[in-house]
4 protein chains.
Amino acid sequence: MPKVTEAYKQQKRDAILEGALDCFSGKGYAGTTIDDIAIHLGVSKGSIYTYFQSKEDIYIRLMEKRMNTMVNSFKTKFQAHESATEKLNYMFQRFIDQPLEDLRRLLKFHLEFTIHSSRNEDMQAQMDGNNQKALGMILEVIREGMESGEFRQELDAGIVTSLFWAVRDGIALHFLSDGTKDQFNRLIHEWKEMLFRYINMSYAPRGNTW
Amino acid sequence: MPKVTEAYKQQKRDAILEGALDCFSGKGYAGTTIDDIAIHLGVSKGSIYTYFQSKEDIYIRLMEKRMNTMVNSFKTKFQAHESATEKLNYMFQRFIDQPLEDLRRLLKFHLEFTIHSSRNEDMQAQMDGNNQKALGMILEVIREGMESGEFRQELDAGIVTSLFWAVRDGIALHFLSDGTKDQFNRLIHEWKEMLFRYINMSYAPRGNTW
Amino acid sequence: MPKVTEAYKQQKRDAILEGALDCFSGKGYAGTTIDDIAIHLGVSKGSIYTYFQSKEDIYIRLMEKRMNTMVNSFKTKFQAHESATEKLNYMFQRFIDQPLEDLRRLLKFHLEFTIHSSRNEDMQAQMDGNNQKALGMILEVIREGMESGEFRQELDAGIVTSLFWAVRDGIALHFLSDGTKDQFNRLIHEWKEMLFRYINMSYAPRGNTW
Amino acid sequence: MPKVTEAYKQQKRDAILEGALDCFSGKGYAGTTIDDIAIHLGVSKGSIYTYFQSKEDIYIRLMEKRMNTMVNSFKTKFQAHESATEKLNYMFQRFIDQPLEDLRRLLKFHLEFTIHSSRNEDMQAQMDGNNQKALGMILEVIREGMESGEFRQELDAGIVTSLFWAVRDGIALHFLSDGTKDQFNRLIHEWKEMLFRYINMSYAPRGNTW
DNA sequence: AATGAATGAGGTTTCATTCAT
DNA sequence: TATGAATGAAACCTCATTCAT
């Protein structure tokens, strides 16, 4: 079996990360044992250490991969949407389209990782980098919309970006353990309503002068 | 004599919970050992088990206590504020007034607990109860505002309530590990702006000073 | 059982060290598991960690204790012997009197520790300290003999001291695995002969003038 | 073709043993992994198992080879030295000429092997054989000296031989971790002095220059 | 009620050895 | 013959919990 291709190894690494995600999101970082991951994948405990240095290494690489995948996916899709408004709409639609269970799974992992990294100097720096990528992606859209005249000129793009993510995470957080998909969708819809009402040029208040 | 004893016991329980909060928020649930708590409090490991059944028991009682304390505190304060708008304003002000470090500490505990409880049937039910109290508190305010004509009639009070908490938690989450107090304040301010713009009947900013 | 006396704890520590010595000398450092020591002593694995920080800690404390015990024992006995010659004679007699199996056991431990410490910065410093005590003890005797006129004036006391220990260890090393007690005794005897012939005033060479 | 193959195989075996010596002496038997050896040599882990059955096998073969090499080397050199005294002098000179670091490295390996073998029946027998070769080599020299009248007739050649090796090993042991080359040389010198003073018929120092 | 020594299950990681390629 | 991924036993150490004092 040895002398395998680089592609094989990459595939193996990915498979381990995928299996680890299942375990971490299901049982938490502390609650997941290397044995859990190994058994879940049907491989030996030792083989995991051929590809990763430690449990924490798996955790970190997993987050890295997810963030890159997510940002790249959005960036690619954004190219198919002309205006900033359409791009934001696309994002909202993605939230709506995603099965709630998937969202929960991923969110548990994300949240726990965020807390975990906030207690670890080394992870902190890397996590900041990850976050910058995601924030930067939206920041660009907001700026694009302000330049194109879609959004109000006097907005602070950075603040709006922060709000955008904050609300998404907050909503997901509140749906972490209960709530139906229908409730979730209505909340996303309302948030979209609230956001556009706040940033849009054309969402001019009805009869108000401010 | 029994009365004194009971008071003493309650005091002891509270002290342990307080010490446990320091530890849990600082090092996380898994990262905190019973020894950590005992040493932090200057008591013996054994004495902790006189007052609580297990580590998880401490964790759960602590959250219970915090939730009750917070909701009761808000409810009491609300009585001093006439309108729904003033009540919401009071809440925003509380967020602003709270030192960022305190917020971070507490949020880490809350978030971790939320995730933790989402993986445990028993904790789930109790956590739902806790959340209902907090949500209910805001729900009342929103309804009050809608009835008084302060807020738009066509709002879905439940959705607005969910959004209110979701944004608060989302913002706190994003400030978990970095960001200055100034940035935080600006974000809270912007959120307030966005929220009122969304729910208010005629949101006439008073000289734009808020 | 808790709230035990300091004496109890010291006794426990000593018992663990004694049990560890049996294991380390019998199976070597690497070959000895914490479980071996625990089982040998009839205590739980965990309790060992109540008294020592790690396997290496046990190893180091054990050597420390043995060295101190040995040096103190010799120093005390030396007081009963007037001349330097008598003191050296006493040492030789100790080697003769000691059961060969005991010597082997202890030597295995000592030798392995010496090698082990030569590969570890931290242990090195401490081991040097231990060695200085043992060397210093003999150095005093040699100097005493030179001052009293028992030994030759032109000797380098430090060199003689080194030789003294080196030969003892060398002999013990060669008897590590085989050889009878009788052979061992004859070798010790011959060494004594050789040493005194070298250092003694009265061992004046027969007819030689140097 | 088979001849070439056999030579190649022998060369490979030797290379592995050489690399293993570097690792074993540097990190100890337990501290050396098969990977260490493989990486040090730039070969694969698997290839090592083509030439040796196990880690212990390498260890044993290595000692075997070293012992044979050493004894053969001395025996060859001895032919160039006429008298027993000259032969012993040659050995002393070898100790002096050898860089201290080399000596340390090799001694660590030898000592650890000695201890290791003392705990293993099979290795014991083989080690005894090795030792007999080395002891026998010196034994011959001592006997030669006694027959030629260089050394005292009443000596027990076996005992002197044992002492000879014991002192050498003892000195090396004491220089295992510290001490300068200068100190080492003086000790070797003093040992030589002591030994000749003990075994020589008429040990007339030539102007006291050695 | 308070103490803290004792317990032992369970976790992470290492590494000699095997074997498919 | 060479490779190195895979295996899994086994090691060290932690820590929630118990219980004798």
Side-chain angles (χ1 to χ4, degrees), chain A residues 1-5 8-9 12-13 29-39 41-58, chain B residues 5 8-9 12 29-39 41-58, chain C residues 1-5 8-9 12-13 30-39 41-58, chain D residues 5 8-9 12 29-39 42-58:
Chain A
M1 209 173 312
K3 205 69 186 179
V4 298
T5 62
Y8 170 87
K9 277 156 70 174
K12 202 84 205 258
R13 284 180 63 88
Y29 179 72
T32 296
T33 69
I34 297 292
D35 250 322
D36 287 335
I37 300 173
I39 291 168
L41 287 165
V43 300
S44 75
K45 206 179 341 196
S47 76
I48 290 178
Y49 284 90
T50 306
Y51 296 95
F52 296 94
Q53 292 172 24
S54 66
K55 184 178 168 182
E56 188 170 293
D57 186 33
I58 298 175
Chain B
T5 296
Y8 172 81
K9 276 161 72 173
K12 208 83 209 266
Y29 179 71
T32 296
T33 69
I34 297 292
D35 251 318
D36 286 336
I37 299 174
I39 289 167
L41 286 166
V43 302
S44 76
K45 207 176 349 190
S47 76
I48 290 178
Y49 280 88
T50 308
Y51 296 97
F52 295 94
Q53 293 169 29
S54 67
K55 185 178 166 183
E56 189 170 290
D57 186 33
I58 298 173
Chain C
M1 210 170 311
K3 205 67 183 177
V4 298
T5 62
Y8 170 86
K9 277 157 69 173
K12 203 83 206 259
R13 284 179 64 87
T32 296
T33 70
I34 296 292
D35 250 320
D36 286 335
I37 299 173
I39 290 168
L41 288 165
V43 300
S44 73
K45 203 177 353 194
S47 76
I48 289 179
Y49 284 90
T50 307
Y51 296 95
F52 296 94
Q53 292 172 24
S54 66
K55 185 179 167 182
E56 187 169 294
D57 187 33
I58 298 175
Chain D
T5 297
Y8 172 81
K9 275 159 75 174
K12 207 86 208 266
Y29 180 71
T32 296
T33 68
I34 297 291
D35 251 319
D36 287 334
I37 299 173
I39 290 168
V43 302
S44 77
K45 209 176 348 190
S47 75
I48 290 178
Y49 281 87
T50 307
Y51 296 97
F52 295 93
Q53 292 170 28
S54 66
K55 184 179 167 182
E56 189 170 289
D57 187 32
I58 299 174

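Below, each value reflects all heavy atoms present in this structure, side chains not excepted, and no hydrogens, waters or symmetry copies. Letters go in sequence order (proteins before strands), and every chain restarts at 1.
The listed nucleotides are dT3(F), dT7(E), dT7(F); the one nearest the side chain of Thr50(D) is dT3(F). Proximity note for Tyr49(B) (side chain, C-beta onward) versus dT17(E), dC13(F), dA16(F): the nearest is dA16(F). The side chain of Tyr8(B) approaches dA2(E) more closely than any other nucleotide in the set dT14(E), dA2(E), dT7(F).
In this structure, Gln53(B) atom CD and dT17(F) atom P are separated by 10 Å, rounded to whole Å. The separation between Phe52(A) atom CZ and dT14(E) atom P is 15 Å, rounded to whole Å. One atom, CD1 of Ile37(B), and another, C1' of dT3(E), lie 17 Å apart when rounded to the nearest Å. For the pair Lys9(A) NZ and dT3(F) P, the interatomic distance rounds to 14 Å; values are reported in whole Å. One can place NZ of Lys55(B) at 8 Å from C1' of dC15(F), the figure rounded to the nearest angstrom. Straight-line distance from the CG atom of Leu41(A) to the C1' atom of dA6(F): 14 Å, rounded to whole Å. Residue Ile39(B) contributes atom CD1, which lies 11 Å from atom P of dC15(F) at whole-angstrom precision.
In terms of phosphate contacts, Ser54(B) brings no side-chain nitrogen or oxygen within less than 4.0 Å of OP1 or OP2 of dA16(F). Contact between the side-chain N/O atoms of Ser44(A) and the OP1/OP2 oxygens of dT7(F) is found at a separation under 4.0 Å. Not one side-chain nitrogen or oxygen of Lys45(B) sits closer than 4.0 Å to the OP1 or OP2 atom of dG4(E).
In this structure, the separation between NZ on Lys45(A) and OG1 on Thr33(A) is 8.0 Å, given to the nearest 0.5 Å. If you take CD on Gln53(D) and CD1 on Ile48(D), they are separated by 14.5 Å, rounding to the nearest 0.5 Å. A distance of 10.0 Å separates OG in Ser44(A) from CG in Asp35(A), rounded to the nearest 0.5 Å. If you take CG on Asp36(C) and CG on Leu41(C), they are separated by 11.0 Å, rounding to the nearest 0.5 Å. Summarising the geometry, atom CD1 belonging to Ile37(A) is positioned 4.5 Å from atom CD1 belonging to Ile58(A); distances are rounded to the nearest 0.5 Å.
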(request) Go ahead and write out DNA chain F as dot-bracket, 5' to 3': ( ) for pairs within the strand, [ ] for ones crossing earlier pairs, | when the partner sits on another strand, dots for unpaired; Watson-Crick or G-U wobble, both distances under 3.5 Å. (result) .||||||||||||||||||||
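Nucleic acid contact for Thr32(C): sugar-phosphate only, since backbone atoms but no base atoms lie under 4.0 Å from a heavy atom of the residue.
The residue among Ile48(A) and Thr33(B) whose nearest nucleotide of DNA chain F lies closer to the 5′ end is Ile48(A). Looking at which nucleotide of DNA chain E each of Glu56(A) and Ile34(D) is closest to, the 5′-most match is held by Glu56(A). In terms of position along DNA chain E, the nucleotide closest to Lys12(C) lies nearer the 5' end than the nucleotide closest to the other residue of the pair Lys12(C) and Ala30(A). Nearer to the 5' terminus of DNA chain F, by closest-nucleotide assignment, is the contact made by Tyr51(A) (compared with the other of Asp35(C) and Tyr51(A)).
Arg13(A) and Tyr51(A) get closest at one heavy-atom pair: NH1-O, 2.8 Å. What you find for Ala30(A) and Ala30(B) is that their closest heavy atoms are CB-CB, 3.4 Å.
With Tyr49(D) as the aromatic partner, Lys55(D) does not meet the cation-pi criteria of under 6.0 angstrom to the ring centre and within 45 degrees of the ring axis.
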